[in-house]
Amino acid sequence: MNILPELKDRFRSALADLVSDPDHLASMVRPAQDPRFGDYQANCAMPLGKQLGKPPREIAGDIVSRLDVADMCEAPEIAGPGFINLRLKPDWLNQQVNAASRDQRLGVTAASTPRKYVVDFSSPNVAKPMHVGHIRSTVIGDALCHILRFLGHQVTSDNHLGDWGTQFGMIIYGYKHFVDRGEYEVSPVAELGRLYKLVNQLVEYHAGIKQLPVLNEQLEAHLSAAQLHADATSVKPADKAAKKARRRLNEKVTSTRLAIESIEEKTAVVDNDPTFAAWAAEHPNIGAATQHETALLHSGDATNRQLWEEFLPACRKAIERIYDRIDVTFDFELGESFYQDRLADVVVDLESRGLAKESEGATCIFLDAFDTPMIIRKKDGAFLYATTDLATIQYRVEEWQVDEILYVVDHRQSEHFSKLFAVVELWGISEVELRHISFGTVLGKDGKPFKTRSGATVGLEGLLDEAVQRARTIVADNDDAKKNGPELSEQERDRIAGVIGHAAIKYADLSHNRTSDYEFDEEKMVAMQGNTATYMQYSYARINGIFRRGNVDVAALHRRNVAIRLDDAHERALALALLKFSDALAETIEDYRPNVLTGYLYELTKVFSGFFEHCPVLKADNEISRDSRLLLCDLTGRTIRKGLGLLGIDVVERM
Ligand code: ARG
């Protein structure tokens with residue numbers, strides 16, 4: 001039973017007598033902040049009182065007299081200005097927690113109206129090494145798939161790989177000019193990675209050299225503007241507007257300086273290396289040349305097509321290795337290349353409907369709400385990222401009859417998706433709901449996007465290795481400190497460290513509000529204390545330890561139909577926390593925020609700790625109480641395991 005929706009339903013019926021549109025008011029039921037006032041609280045009497053011009057306490061009385069919750073709750077209490085406080089009845093709570101204990105689904109009811117979802121996530125551009133930024137889309141998307149499925153929805157996960165973009169122009173160019181055949185034979189993935197990095201570096205070098213004088217000129221201009229401003233404002237005391245203007249000018253100076261520094265750093269790397277410098281000199285037009293290779297590929301050039309077909313499996317293998325490690329799978333991996341044959345038709349269709357027009361040689365869709373149009377075909381005939389996304393939506397609607405598509409993509413693509421959704425609406429595809437599940441940036445300790453000291457973005461595999469290594473130390477320390485000596489073999493320690501290390505990275509990501517940036521701190525992530533996977537896994541292992549120490553056969557307890565009893569306040573609190581699992585999942589899905597679920601699990605383990613401190617389990621006073629508490633432990637363990645599982649995180653039986 002999902003308690004909160006049930007209470008909301010009951011309020012809706014009661015409110016329907018008083019107002020024509022009770023939905024919003026009924027939604028104002030919440031878990032109580034302070035258990036002294038009850039378990040749940042409704043605040044709807046205040047706004048309704050205002051609306052009807054009556055004292056809210058009187059309205060609260062009207063609502064309560066119509067509210068039918070006698071089976072679930074004690075008599076509702078009206079408090080303060082008109083809060084309605086509800087306390088669940090012991091019998092009811094008892095019955096619910098026993099039902100959950102016997103239920104495979106832990107008391108979580110499946111959606112009454114299942115929807116068909118496509119979750120578009122991970123979607124890296126292949127041929128470029130995956131970096132820490134890709135972790136967010138991958139773990140958030142994977143968690144959403146698990147949760148939606150568990151709630152009874154139909155989910156198709158699709159990895160919309162960038163397998164047709166400009167990075168292929170780079171490796172094709174690299175292959176034609178710089179390949180080390182021997183290396184390529186032995187390890188194509190590593191060699192292609194090297195070629196990508198090399199060509200990208202040379203392209204950036206020449207672009208940087210071109211840009212430097214422009215930036216230096218801009219810096220001069222900003223500096224003299226700042227000077228002029230300083231001279232002018234030093235005459236009269238600086239007012240607010242002047243301060244603001246000065247700050248803005250200073251910001252411009254700083255950001256331009258930073259841009260210059262970053263370019264100088266990159267060009268220095270090339271200049272200071274004779275081999276690099278020679279290559280840079282031999283390939284002055286490498287930027288345009290790589291673009292030309294991409295264009296050749298797109299227009300069906302036989303050589304480039306064949307190279308692409310040869311490279312793609314190798315590139316995908318590199319990505320696959322990471323998915324294997326973190327245990328993420330997809331129903332489909334229809335990359336951008338899959339849609340190439342449909343792009344021309346999309347453009348023709350949009351033109352024939354009068355939505356797309358020619359503008360300076362390009363084909364564009366102008367949108368009222370945006371300053372710039374969406375370009376769907378460039379002057380040179382090339383299609384764009386947006387064109388592919390339009391074709392993809394058409395395909396998903398036609399082939400999969402999807403109700404809703406979730407795009408788990410970086411917040412920097414917000415404008416792209418806003419435009420895309422606006423175009424889809426104009427296009428008349430109205431049967432599908434589209435949502436951009438955007439997320440913030442992963443930051444380093446310096447507050448800037450996470451990078452290593454040398455300035456290159458960190459490879460994902462290295463980070464995973466590091467987390468596992470740290471976890472290994474924690475597991476060993478914890479095991480060594482055990483009262484009766486270590487329990488784990490070296491192999492067990494390795495296996496557990498693998499589970500914990502990978503979990504730490506996933507959980508840290510999921511436990512942050514997805515729309516915020518967060519600081520990547522491996523030490524904190526694997527820590528045993530705080531809202532971390534390690535702490536959650538430790539809590540789970542501790543519960544298992546109870547069964548192990550007591551030699552308890554949980555299945556036998558269930559077979560004997562032993563009942564959970566809620567005699568102690570801590571038992572009651574734990575039961576209520578366990579029953580809120582459903583509500584937590586529903587709330588997680590409301591705005592697709594996995595941190596709601598991690599927050600719930602963290603809260604649950606805290607309540608469990610309170611229970612465990614106050615209510616002896618194996619040493620309970622009598623067998624009835626002991627069995628009941630064992631079942632509460634069991635349900636807690638299963639809820640943690642399920643909750644973590646829905647986040648894509650494994651547990652270990654001991655650590
Ligand atoms: N490959 C893109 C990138 O790395 C992300 C693709 C997201 N999905 C989509 N349907 N546009 O930026």
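Counting convention: from 1, in listed order, for ligands and their atoms alike.
Ionic pairing of E183 and R194 is not present here: no N-O contact between side-chain nitrogen and carboxylate oxygen is shorter than 4.0 angstrom. Under a 4.0 Å N-O distance rule, the pair R396/D120 qualifies as a salt bridge. Here D465 pairs with R325 in a salt bridge; the nearest charged N to carboxylate O distance falls below 4.0 Å.
Every protein residue with a heavy atom nearer than 4.0 Å to ligand 1 is included here: D120, S123, N125, H160, Y385, D389, Y407, V409, Q413, F417.
Taking the ring centre of F150 as origin, the terminal cationic atom of K642 falls inside the region bounded by 6.0 Å and 45° from the ring axis.
Residue pairs meeting the salt bridge (charged side-chain N to carboxylate O under 4.0 Å, His left out) criterion with at least one member in residues 204-218, sequence neighbours excluded, are E204-K266.
Taking both residues in full, the closest heavy atoms of I326 and H502 are given as CG2-CD2, 4.2 Å, listed atom of the first, atom of the second, then distance.
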